[in-house]
Amino acid sequence: MFRSRQGESAITRAQAHSIYKAAFEAAGLSGKVSTHSTRKTFAQKVYAATGKDLRKTQLALDHASINSTVQYLAVDA
């Protein structure tokens, strides 16, 4: 989701959470914020946009196993 300013490596999960939380608060939002819930929302939107194509959703999430994708979506394969 976020690239490091130094090179091509991704930032850590903790860094992403910090950025996400700051943006959430700057927008005047309250409540619990989580990068994981955002990833699940992304998965659901990809799944819907692809006509419920599990394989395309799996590729978008970079899951090695289709079972991981099914668990993310809480659907029956």
Side-chain angles (χ1 to χ4, degrees):
M1 185 167 156
F2 302 105
R3 287 217 181 260
S4 169
R5 290 183 187 168
Q6 300 173 5
E8 293 295 316
S9 64
I11 63 175
T12 67
R13 183 176 9 183
Q15 290 169 317
H17 178 74
S18 179
I19 292 166
Y20 202 61
K21 184 176 178 183
F24 190 78
E25 291 171 354
L29 302 171
S30 61
K32 190 174 179 180
V33 63
S34 151
T35 53
H36 184 70
S37 62
T38 302
R39 184 168 166 82
K40 287 184 87 166
T41 300
F42 171 74
Q44 292 165 353
K45 291 193 178 283
V46 168
Y47 184 64
T50 61
K52 297 186 176 183
D53 187 318
L54 280 172
R55 177 68 177 141
K56 287 180 182 176
T57 306
Q58 175 191 9
L59 292 172
L61 294 172
D62 198 29
H63 284 161
S65 167
I66 196 77
N67 294 328
S68 296
T69 306
V70 169
Q71 288 178 341
Y72 250 74
L73 297 169
V75 298
D76 294 326

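Sequential numbering from 1 along the given sequence is applied to the chain's residues.
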Q: Using modelled atom types only, decide if a donor and an acceptor are shared between the side chain of Arg39 and the backbone of Leu61 within a distance under 3.5 Å.
A: yes
Q.
Could you measure the distance from the OG1 atom of Thr50 to the NZ atom of Lys45? Nearest 0.5 Å is fine.
A. 13.0 Å
**Q.** By side chain to side chain contact (heavy atoms under 4.5 Å, CB included) - contacts of Lys21 (at least two apart)
**A.** His17, Glu25, Val33
Q: Of all the heavy-atom pairs spanning Lys56 and Val46, show the shortest one and how long it is.
A: O-CG1, 4.5 Å
Q) So how far is it from Gln44 CD to Thr57 OG1, rounded to the nearest 0.5 Å? A) 10.5 Å
Q. Got a sec, which residues hit side-chain hydrogen bond (donor to acceptor under 3.5 Å, both in side chains) with Arg55, two or more places apart in sequence or on another chain?
A. Gln58
Q.
Does any part of the side chain of Leu73, heavy atoms only, come nearer than 4.5 Å to the side chain of Leu54, both counted from C-beta?
A. yes
Q.
For a quick test of reading the model, state the closest non-hydrogen atom pair linking Tyr72 to Ala43 and the distance between them.
A. CD2-CB, 4.2 Å
Q) How would you list, by chain and number, every residue that makes a side-chain hydrogen bond (donor to acceptor under 3.5 Å, both in side chains) with Ser68, sequence neighbours excluded? A) none
Q. Of all heavy-atom pairs between Thr38 and Ser34, which one has the smallest distance, and what is that distance?
A. OG1-O, 3.2 Å
Q) Just by modelled atom types, is the Ala14 backbone N or O under 3.5 Å from a matching donor or acceptor in the Ser18 side chain? A) no
